[in-house]
Amino acid sequence: MKSELATLITSGLQKLVAEDVLRVMPDVTPQIDHPKDTAHGDLSCNIAMVLAKQAKISPRDLATQLIAALPDNTLIERTDIAGPGFINFFIRASQHTAVIGTILEAKDQYGRCDIGRGRRVQVEFVSANPTGPLHVGHGRGAAIGDSLGRLLTATGWSVQREFYYNDAGQQINNLALSVQARAKGKGPEDPEWPVDGYRGEYIQDVATAYQAGDTVHAADRTITADGDLNNLDAIQAFSVACLRREQDQDLRSFSVLFDRYFLESSLYESGAVATTVRALEDNGHTYADQEALWLKTTDFGDDKDRVMRKRDGGYTYFLPDVAYHHDKWQRGFERVINEQGADHHSTITRVRAGLQGLDVGIPKGWPEYVLHQMVTVMRDGSEVKLSKRAGSYVTLRDLIEWVGCDATRFFLVARAPTSQLTFDIDLALARSNENPVYYIQYAHARCASLLLKAETLLGDEGVMAGLPHVDTLTEPETLGLIINLARFPDVVVAAAERLEPHDVANYLRQVAADFHSFYNAHKILDAAPDTALARLALVAATQQVIASGLDLLGVSAPEAM
RNA sequence: CUCCCUGUAGUUAAACAGGAUAUAACUACCGCCUCCUAAGCGGUGAUUCCAGGUUCGAGUCCUGGCGGGGAGGCCA
């Protein structure tokens with residue numbers, strides 16, 4: 001509807017140019033908004049105020065002339081000029097109600113589009129090191145990253161979800177040493193406990209399984225424990241597999257699946273790291289100092305240069321990161337979006353600098369980053385910091401056990417990634433409209449319940465029977481709901497473009513509120529037959545939009561509650 | 001010291017890339033089930049941290065303060 005109006009306005013402007021009211025066709029695209037106040041019409045346009053200065057006439061005069069220049073159409077009921085020069089458009093009611101038919105015919109395709117045109121995008125997220133259970137922060141990353149994937153898919157991109165993990169560095173050595181110590185009966189209080197060892201109780205579980213000779217299957221490999229307490233390599237491989245399996249279980253119960261797992265160690269095995277170093281050297285972006293090899297990241301906007309090969313010959317973490325992203329580039333992803341915690345902020349400049357240094361035509365802003373801020377967990381009014389399992393942090397599994405998958409996902413994704421998040425356990429458990437998850441799901445369940453009761457009334461045609469009568473849906477509450485349903489495709493596109501899934505959550509809350517108001521204001525099943533059919537069509541359309549929206553967030557849409 | 005995020009009713013958030021009278025929920029008080037799920041609906045509250053600036057118009061953009069969080073290492 002917006003685009004149709006934009007076309008009308010554009011041809012109106014062309015006519016004004018032809019009439020010499022405007023000297024040139026403006027290069028600004030008219031901005032069309034939904035006014036907050038319904039007295040301001042259904043859509044409003046600010047173009048007259050924007051162009052008034054260059055046209056050297058007052059905004060309101062320009063608006064008058066523009067309205068006169070608009071072509072004939074069936075869209076607009078009437079127009080109005082308000083305030084400093086807004087043009088307010090009142091759309092014919094039949095144009096509004098038509099969306100119900102559109103939704104019912106498109107079914108779960110409503111809101112989807114092909115802006116991405118099948119181009120390939122990769123979303124990398126979670127990417128936790130396999131050294132312990134996933135914590136709340138990983139959960140936020142999982143919820144946001146997965147929703148981003150769903151949004152990009154819905155807008156026509158071909159999405160790959162990838163999980164990258166470090167199975168080679170110092171942290172993994174510490175893991176193996178910790179498991180070994182546990183297997184030998186030592187605890188964290190023991191003087192011989194490894195420095196920087198992992199202290200959580202889960203280490204004991206891994207040690208026990210290792211000694212028992214268990215076989216574990218993680219997403220990408222199967223490993224049987226060797227049992228030998230002195231074989232550190234075997235302990236390491238087994239421990240990694242064990243913890244990866246635990247993480248995968250948590251992610252699966254969180255409805256998050258990955259297409260590919262990428263091991264840091266493979267970058268060493270394939271020689272990608274060495275190749276990357278050589279390329280950076282050949283391109284003249286490196287220098288030696290104090291027996292270390294430095295990358296001149298200052299050439300690419302960093303505030304100081306960074307060491308890439310340490311004095312002891314090992315690489316710092318960002319070098320494999322550069323090699324890894326070069327690999328992604330070679331795999332042909334037009335876009336790569338990395339969802340990470342805000343503590344990874346400093347890697348952005350370095351990785352991009354390294355990629356520029358390779359000089360292989362990678363765009364400056366590639367890859368893109370979505371960084372989420374910290375999560376704190378509240379319960380009974382105070383901050384929760386401990387999990388029995390992990391020892392020092394609240395795990396994702398804890399959260400899912402406490403409040404369930406749906407509420408956990410919703411709460412973690414419903415807030416802008418850039419804002420700090422307090423996860424209130426009591427709120428997530430609350431069974432009232434304090435709790436937006438249930439508020440939205442309840443609206444969906446109400447729709448489902450109505451349609452179930454209406455089966456005989458609807459007959460063979462089903463909900464389509466109401467379409468000839470939707471013009472009768474003219475009450476304010478009803479039209480408000482319809483207009484919001486019509487916004488859904490715009491909301492999806494905006495959320496995908498801005499990489500902000502929480503837009504969808506806010507939108508759904510609005511739709512649910514509109515629906516509950518409509519439900520309370522009007523009888524649906526007991527209305528006059530034609531009206532009942534029309535309202536049922538609207539109920540079905542609402543149910544579809546809520547279900548599709550919740551799906552974008554990875555939250556279920558229950559038929560009954 | 002430098003960089004990033006952030007500051008909106010008592011509380012938690014919203015404001016659809018700068019729009020019109022800043023929107024909701026919680027809380028308090030009042031009302032609504034012989035009726036389609038009351039996990040619901042309807043009614044009453046703001047100097048948008050402070051000071052400047054940009055313009056037709058600023059919660060939103062810019063500059064400078066103040067407050068909260070995070071990052072800065074030959075750690076990942």
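In what follows, chains carry the letters A, B, and so on, assigned in the order in which the sequence lines appear, proteins first and then strands, with residues in each chain numbered from 1.
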Trainee: Taking all non-hydrogen atoms of both residues into account, name the closest pair between A/Pro59 and A/Gly85 and its distance.
Mentor: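 In this case the closest contact between A/Pro59 and A/Gly85 is CB-CA, 4.3 Å.
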
Trainee: Choosing from B/G73, B/A76, B/A38, which nucleotide comes nearest the side chain of A/Tyr519?
Mentor: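 Side chain of A/Tyr519 sits closest to B/A38.
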
Trainee: As a test of reading the structure: which of B/A76, B/G73, B/G19 is closest to the side chain of A/Lys304, going by heavy atoms?
Mentor: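 Looking only at heavy atoms from C-beta outward on A/Lys304, the closest nucleotide is B/G73.
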
Trainee: Touch check for A/Glu500, heavy atoms < 4.0 angstrom, all strands: base, sugar-phosphate only, or nothing?
Mentor: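 Since no nucleic acid heavy atom lies under 4.0 Å of A/Glu500, the category is nothing.
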
Trainee: Sticking with atom C1', work out how far B/U23 lies from B/G59, rounded to a whole angstrom.
Mentor: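 Comparing C1' positions in B/U23 and B/G59 gives a spacing of 12 Å.
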
Trainee: Give the nucleotide from the list B/A20, B/C41, B/C4 with an atom nearest to the side chain of A/His345.
Mentor: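 Closest nucleotide to the A/His345 side chain: B/C4.
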
Trainee: Please measure how far the C1' atom in B/C61 lies from the corresponding atom in B/C74, and state the result in whole Å.
Mentor: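 Straight-line distance between the two C1' atoms is 41 Å.
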
Trainee: When the distance from CE of A/Met378 to P of B/A13 is rounded to whole Å, what number comes out?
Mentor: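 The distance from CE of A/Met378 to P of B/A13 comes to 11 Å, rounded to the nearest Å.
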
Trainee: Looking at the side chain of A/Lys310, which of B/A76, B/G72, B/A20 is the nearest nucleotide?
Mentor: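 Taking heavy atoms from C-beta onward, the closest nucleotide is B/A76.
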
Trainee: Could you tell me how far B/U54 sits from B/G18 if I compare only their C1' atoms? Round to whole Å.
Mentor: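 It comes out at 11 Å once rounded to the nearest Å.
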
Trainee: Could you tell me if A/Arg446 sits above the aromatic ring of A/Tyr519, with its cationic atom closer than 6.0 Å to the ring centre and no more than 45 degrees from the axis?
Mentor: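 Yes, A/Arg446 sits over the ring of A/Tyr519.
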
Trainee: Which whole number of Å gives the distance between the P atom of B/C3 and that of B/G64?
Mentor: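 Pairwise P distance, B/C3 against B/G64, rounds to 10 Å.
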
Trainee: Closer to the 5' end of RNA chain B via nearest nucleotide, is it A/Ala494 or A/Gln31?
Mentor: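 Between the two, 5'-proximity favours A/Ala494.
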
Trainee: Work out how far the P atom of B/A58 is from that of B/G19, and round it to whole angstrom.
Mentor: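 Going atom to atom, P in each nucleotide, I get 11 Å.
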
Trainee: Counting only side-chain nitrogens and oxygens, does A/Arg415 get under 4.0 Å of the OP1 or OP2 atom of B/U12?
Mentor: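 Checking B/U12 against A/Arg415, no side-chain N or O comes under 4.0 Å of OP1 or OP2.
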
Trainee: What's the gap between B/G43 and B/U47 when it is taken at their P atoms, as a whole Å value?
Mentor: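 The same atom, P, in both gives a distance of 23 Å.
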
Trainee: Taking only the C1' atom of each, what is the distance from B/C62 to B/A22 in whole angstrom?
Mentor: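 Nearest-Å result for B/C62 against B/A22 at atom C1': 22 Å.
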
Trainee: Taking the C1' atom in each of B/C26 and B/U44, what is the distance between them to the nearest angstrom?
Mentor: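 Those two atoms are separated by 16 Å.
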
Trainee: Please confirm whether any donor atom in the side chain of A/Tyr317 sits under 3.5 Å from an acceptor in the base of B/A76, or the reverse.
Mentor: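 Present.
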
Trainee: Give A/Arg309 one of three labels, base, sugar-phosphate or nothing, depending on what nucleic acid heavy atoms sit under 4.0 Å from its own.
Mentor: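 No contact.
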
Trainee: Can you figure out which of B/C16, B/C36, B/G19 approaches the side chain of A/Asn46 most closely?
Mentor: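 Minimum distance to the A/Asn46 side chain belongs to B/G19.
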
Trainee: With nearest nucleotides of RNA chain B determined for A/Phe518 and A/Ala342 from heavy-atom distances, which residue corresponds to the more 5′ nucleotide?
Mentor: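 Its nearest nucleotide being more 5', the pick is A/Phe518.
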
Trainee: Quickly work out the A/Arg306 CZ to B/C3 C1' distance and round it to whole Å.
Mentor: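 Atom-to-atom, A/Arg306 to B/C3, this comes out as 10 Å.
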
Trainee: From the list B/G72, B/G69, B/G70, which nucleotide is the closest neighbour of the side chain of A/Gln420?
Mentor: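 Of the options given, the side chain of A/Gln420 lies nearest B/G69.
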
Trainee: Ignoring hydrogens and angles, write down the donor-acceptor pairs under 3.5 Å from the side chains of residues 481-492 of chain A, residues two or more places apart or on other chains.
Mentor:
| unit_1 | atom_1 | unit_2 | atom_2 | d |
| --- | --- | --- | --- | --- |
| A/Asn484 | OD1 | A/Arg487 | NH1 | 2.9 |
| A/Asn484 | ND2 | A/Asp514 | OD2 | 2.5 |

Trainee: From CG of A/Asp424 over to P of B/U27, roughly how many Å is that when rounded to an integer?
Mentor: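 So the two atoms are 13 Å apart, to the nearest Å.
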
Trainee: Taking the minimum atom-to-atom distance to the side chain of A/Ser517, which one of B/G19, B/G42, B/C36 wins?
Mentor: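 Selected nucleotide: B/G42.
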
Trainee: Give A/Lys523 one of three labels, base, sugar-phosphate or nothing, depending on what nucleic acid heavy atoms sit under 4.0 Å from its own.
Mentor: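 Base contact - A/Lys523 has a heavy atom under 4.0 Å of at least one base atom.
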
Trainee: Students often get this wrong, so: under 4.0 angstrom with heavy atoms, is A/Ser44 touching a base, only sugar-phosphate, or nothing?
Mentor: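 The residue A/Ser44 makes base contact.
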
Trainee: Among B/A39, B/A71, B/A15, find the nucleotide with the atom closest to the side chain of A/Asp503.
Mentor: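 When the side chain of A/Asp503 is considered, B/A15 is the closest of B/A39, B/A71, B/A15.
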
Trainee: For B/A51, what is the paired nucleotide under Watson-Crick or G-U wobble rules, both distances under 3.5 Å?
Mentor: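 Partner of B/A51: B/U63.
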
Trainee: Closest approach of A/Ala407 and A/Ala428, non-hydrogen atoms and distance?
Mentor: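 In terms of heavy atoms, the two residues are closest at CB-O, 4.0 Å.
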
Trainee: If anything within 90° of 0 is syn and all else is anti, what is B/C33?
Mentor: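 Judged by the O4'-C1' to base torsion, B/C33 sits in syn, the angle falling within 90° of 0.
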
Trainee: Anything under 30° is parallel, anything over 60° is perpendicular, the rest tilted; go ahead and classify A/Tyr324 against A/Tyr164.
Mentor: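 Plane angle under 30°, so parallel.
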
Trainee: Do any side-chain nitrogens or oxygens of A/Lys36 fall under 4.0 Å of OP1 or OP2 in B/U21?
Mentor: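 For B/U21, neither OP1 nor OP2 has a side-chain N or O of A/Lys36 closer than 4.0 Å.
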
Trainee: Once you apply a heavy-atom cut-off of 4.0 Å, does A/His516 come out as touching a base, just sugar-phosphate, or nothing?
Mentor: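 Sugar-phosphate contact only.
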
Trainee: Quick check: any donor-acceptor pair below 3.5 Å linking the side-chain of A/Asp33 to the base of B/A20?
Mentor: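 No.
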
Trainee: How many whole angstroms separate atom OH of A/Tyr439 from atom C1' of B/C26?
Mentor: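 Interatomic distance, OH of A/Tyr439 to C1' of B/C26: 13 Å.
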
Trainee: Report the distance from atom NE2 of A/His34 to atom P of B/A17, rounded to the nearest whole Å.
Mentor: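 A/His34 atom NE2 is separated from B/A17 atom P by 11 Å.
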
Trainee: In terms of side-chain heavy atoms of A/Ala292, which of B/C74, B/A38, B/G19 is nearest?
Mentor: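 My answer, after comparing the listed nucleotides, is B/C74.
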
Trainee: Which of the following nucleotides, B/C5, B/A20, B/G19, is nearest to the side chain of A/Thr418?
Mentor: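 Nearest to the side chain of A/Thr418 among the choices is B/C5.
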
Trainee: Answer yes or no: is there a donor N or O on one side and an acceptor on the other, between the side chain of A/Tyr393 and the main chain of A/Leu134, under 3.5 Å?
Mentor: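 Flag not set: sc A/Tyr393 to bb A/Leu134 has no pair under 3.5 Å.
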
Trainee: To the nearest angstrom, how far is A/His444 atom NE2 from B/G40 atom C1'?
Mentor: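 Value for this atom pair: 17 Å.
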
Trainee: Let me know the distance between CZ of A/Arg350 and P of B/C4, rounded to the nearest Å.
Mentor: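 The answer, rounded to whole Å, is 15 Å.
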
Trainee: Do A/Thr347 side-chain and B/A76 base share a donor-acceptor contact under 3.5 Å?
Mentor: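 Side chain to base: no pair below 3.5 Å.
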
Trainee: Heavy atoms only: give me the nearest A/Pro417-A/His502 pair and the separation to one decimal.
Mentor: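 Shortest heavy-atom separation between A/Pro417 and A/His502 comes out as CD-ND1, 4.0 Å.
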
Trainee: Send over the distance from A/His372 NE2 to B/U6 C1', rounded to a whole Å.
Mentor: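 The answer, rounded to whole Å, is 16 Å.
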
Trainee: Consider side-chain contact (heavy atoms from CB on, under 4.5 Å). Of A/Val403, A/Leu508, A/Val437, which one does A/Phe410 pass it with?
Mentor: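 Passing option: A/Val437.
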
